[in-house]
Protein chains: 2
Amino acid sequence: MRSPAELTQAFRQTGLKVTPQRQLLFGLLHGNTSHPSADVLFALASEAMPGISLRTVYQTLNDLAAMGELQSIDFGTGSARFDPNVTDHQHAVCNECDAVHDVRVSRAPKMSGLEGFDIHDAHIVYRGICADCAS
Amino acid sequence: MRSPAELTQAFRQTGLKVTPQRQLLFGLLHGNTSHPSADVLFALASEAMPGISLRTVYQTLNDLAAMGELQSIDFGTGSARFDPNVTDHQHAVCNECDAVHDVRVSRAPKMSGLEGFDIHDAHIVYRGICADCAS
DNA sequence: CTGCTAATTAGCAATTGATGCGAATTGCGT
DNA sequence: ACGCAATTCGCATCAATTGCTAATTAGCAG
Ligand SMILES: [Mn+2]
Ligand SMILES: [Mn+2]
Ligand SMILES: [Zn+2]
Ligand SMILES: [Zn+2]
């Protein structure tokens with residue numbers, strides 16, 4: 001995801017308005033590696049801007065995802081997780097606390113056994129217990 | 001997943017009853033490689049046994065999953081998919097029709113960049129367009 | 001600066017997949 | 001055949017997310 005300043009330009013150029021709510025979310029998401037859910041972002045946003053609507057959070061997240069600025073990922077943890085890191089990487093998910101960590105993998109593994117399946121991308125999810133929960 | 005006959009024994013030994021509804025689902029699931037959703041199984045079951053409840057389908061699927069006879073997998077396609085194949089394998093999911101295919105992968109890829117994360121397992125999901133949808 | 005207008009906000013209803021609950025039913029060991 | 005615990009199944013409920021829309025507002029033109 002680009003910086004709040006760059007996003008401001010990009011939004012205006014697309015005919016989208018840059019509201020205080022959106023600016024707040026730009027800031028909360030930029031460089032965020034915690035893979036937050038909409039709920040978590042709503043809680044964070046509410047601290048800085050009491051009264052902001054969960055609906056607006058969803059709206060802005062969807063807008064950013066549609067623009068390719070972030071990815072929405074479903075790890076089966078109950079709610080979608082949002083990742084401003086759109087570079088190629090993989091994830092490790094804790095079975096206990098649902099924390100999501102970025103993982104660098106050497107290369108994409110090969111697939112065999114399917115004829116005629118046109119692969120667009122491969123996603124690897126490592127599941128286990130994170131360092132925090134291990135104690 | 002074991003055969004309906006073996007499951008019948010296993011259920012009785014655990015104190016669980018073998019009802020016609022469960023027998024039907026044993027049969028629908030055994031050797032099934034289509035990774036059906038609860039909805040799909042309910043539709044199939046309803047043909048053979050009109051009046052069967054979706055609730056019962058969920059119940060039995062959860063029982064089987066708890067016994068390790070099948071796995072419930074969330075591919076983010078809207079509903080959980082059930083897989084009676086509990087051997088180590090991976091999946092390819094079609095972006096267009098949500099079909100799920102089994103894939104054999106040489107071996108699990110290595111992970112790096114995380115200290116203290118105890119990996120239990122790794123799941124790979126290939127996404128793209130299946131042979132049927134390519135036409 | 002002022003006004004216009006299309007985009008946005010935010011509250012609430014609706015949707016979807018799945019589970020909780022409980023009265024009526026039924027498998028199955030004795 | 002009996003008895004009782006397990007099961008069924010309809011309905012209410014839940015959680016995450018989206019649809020809808022009246023009121024508000026950003027941003028541009030004059
Ligand atoms: Mn990430
Ligand atoms: Mn499978
Ligand atoms: Zn953890
Ligand atoms: Zn397809």
Side-chain angles (χ1 to χ4, degrees), chain A residues 4-5 7-26 28 35-46 48-67 70-82 98 100, chain B residues 4-5 7-26 28 35-43 45-46 48-67 70-83 98 100:
Chain A
L7 287 176
T8 296
Q9 300 231 344
F11 265 62
R12 293 220 175 103
Q13 279 172 10
T14 325
L16 301 176
K17 294 177 178 175
V18 179
T19 65
Q21 291 90 339
R22 284 179 173 172
Q23 288 176 323
L24 172 57
L25 285 166
F26 293 170
L28 289 175
H35 307 83
S37 62
D39 248 19
V40 166
L41 284 166
F42 173 60
L44 291 173
S46 295
M49 186 185 288
I52 189 174
S53 166
L54 175 60
R55 192 69 186 79
T56 300
V57 174
Y58 272 110
Q59 211 110 285
T60 300
L61 289 171
N62 289 342
D63 290 340
L64 286 167
M67 294 171 71
L70 59 77
Q71 49 179 328
S72 168
I73 317 176
D74 186 348
F75 293 108
T77 52
S79 48
R81 309 293 280 262
F82 296 89
D98 287 346
V100 177
Chain B
L7 287 176
T8 297
Q9 299 229 345
F11 265 61
R12 292 216 177 107
Q13 279 172 12
T14 325
L16 300 176
K17 294 177 179 175
V18 179
T19 64
Q21 290 90 339
R22 284 179 174 171
Q23 287 176 323
L24 172 57
L25 286 165
F26 292 170
L28 289 175
H35 306 84
S37 63
D39 248 20
V40 167
L41 284 166
F42 174 60
S46 295
M49 187 185 287
I52 189 175
S53 166
L54 174 60
R55 192 69 186 78
T56 299
V57 174
Y58 272 112
Q59 211 109 285
T60 300
L61 289 171
N62 289 343
D63 290 340
L64 287 167
M67 295 171 69
L70 58 78
Q71 48 179 330
S72 168
I73 317 175
D74 186 349
F75 292 109
T77 52
S79 48
R81 309 293 281 263
F82 295 89
D83 193 348
D98 288 345
V100 177

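- Rounding to whole angstrom units, CD of residue B:Q23 and C1' of C:dG27 are separated by 11 Å.
- In the helix from C:dC1-D:dG30 to C:dT30-D:dA1, the rotation axis of the first five pairs and that of the last five pairs differ in direction by 30°, rounded to 10 degrees.
- Applying the side chain to side chain donor-acceptor pair (under 3.5 Å) rule to B:R55 yields the partners B:Q59; only residues at least two apart in sequence or on another chain are considered.
- Near-neighbour residues of DNA chain D inside residues 36-46 of chain A, defined by a heavy atom below 4.0 Å, are absent.
- For A:S37, the side-chain contact (heavy atoms from CB on, under 4.5 Å) test picks out A:D39, A:V40, A:S79, A:R81, with sequence neighbours left out.
- Closest approach of A:S46 to A:I52, counting heavy atoms only: OG-CG2, 3.8 Å.
- In plain terms, the two heavy atoms of A:H35 and A:V100 that are nearest each other are ND1-O, 3.2 Å.
- Taking atom CG on B:L24 and atom P on D:dC9, their separation rounds to 11 Å, with Å as the unit.
- Contact between A:S53 and A:F42 at its shortest, heavy atoms only, is C-CE1, 3.7 Å.
- A search for ring pair (Phe, Tyr, Trp, His ring centres under 6.0 Å) contacts involving A:F82 returns nothing, not counting sequence neighbours.
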Test side-chain contact (heavy atoms from CB on, under 4.5 Å) on A:F11 and A:R22 and set out the steps. CA-CA 10 Å; A:F11 265 62; A:R22 284 179 173 172; 3.9 Å; yes
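- The distance from atom OH of B:Y58 to atom P of D:dA12 is 18 Å, rounded to the nearest whole Å.
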Given protein heavy atoms under 4.0 Å, the one-letter contact record of nucleotides 4-11 of chain C, with B base, S sugar-phosphate only and - none, is simply --BBSBBB
Would B:L7 and B:L64 satisfy side-chain contact (heavy atoms from CB on, under 4.5 Å), going step by step from the backbone distance to the final call? CA-CA 9 Å; B:L7 287 176; B:L64 287 167; 4.3 Å; yes
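- One interatomic measurement links the two molecules: CG of B:N62 to P of C:dA18, which rounds to 9 Å at whole-angstrom precision.
- In the set C:dA18, D:dT17, D:dT18, C:dA18 carries the atom at the smallest distance from any side-chain atom of B:S79.
- Rounding to the nearest 0.5 Å places CG of A:N62 at 13.0 Å from CE of A:M67.
- Straight-line distance from the CG atom of A:D98 to the P atom of D:dA15: 16 Å, rounded to whole Å.
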May I have the step-by-step check of side-chain contact (heavy atoms from CB on, under 4.5 Å) for B:L41 and B:L61, ending in yes or no? CA-CA 10 Å; B:L41 284 166; B:L61 289 171; 3.7 Å; yes
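- Minimum heavy-atom separation, B:T8 to B:F26: N-CE1, 4.3 Å.
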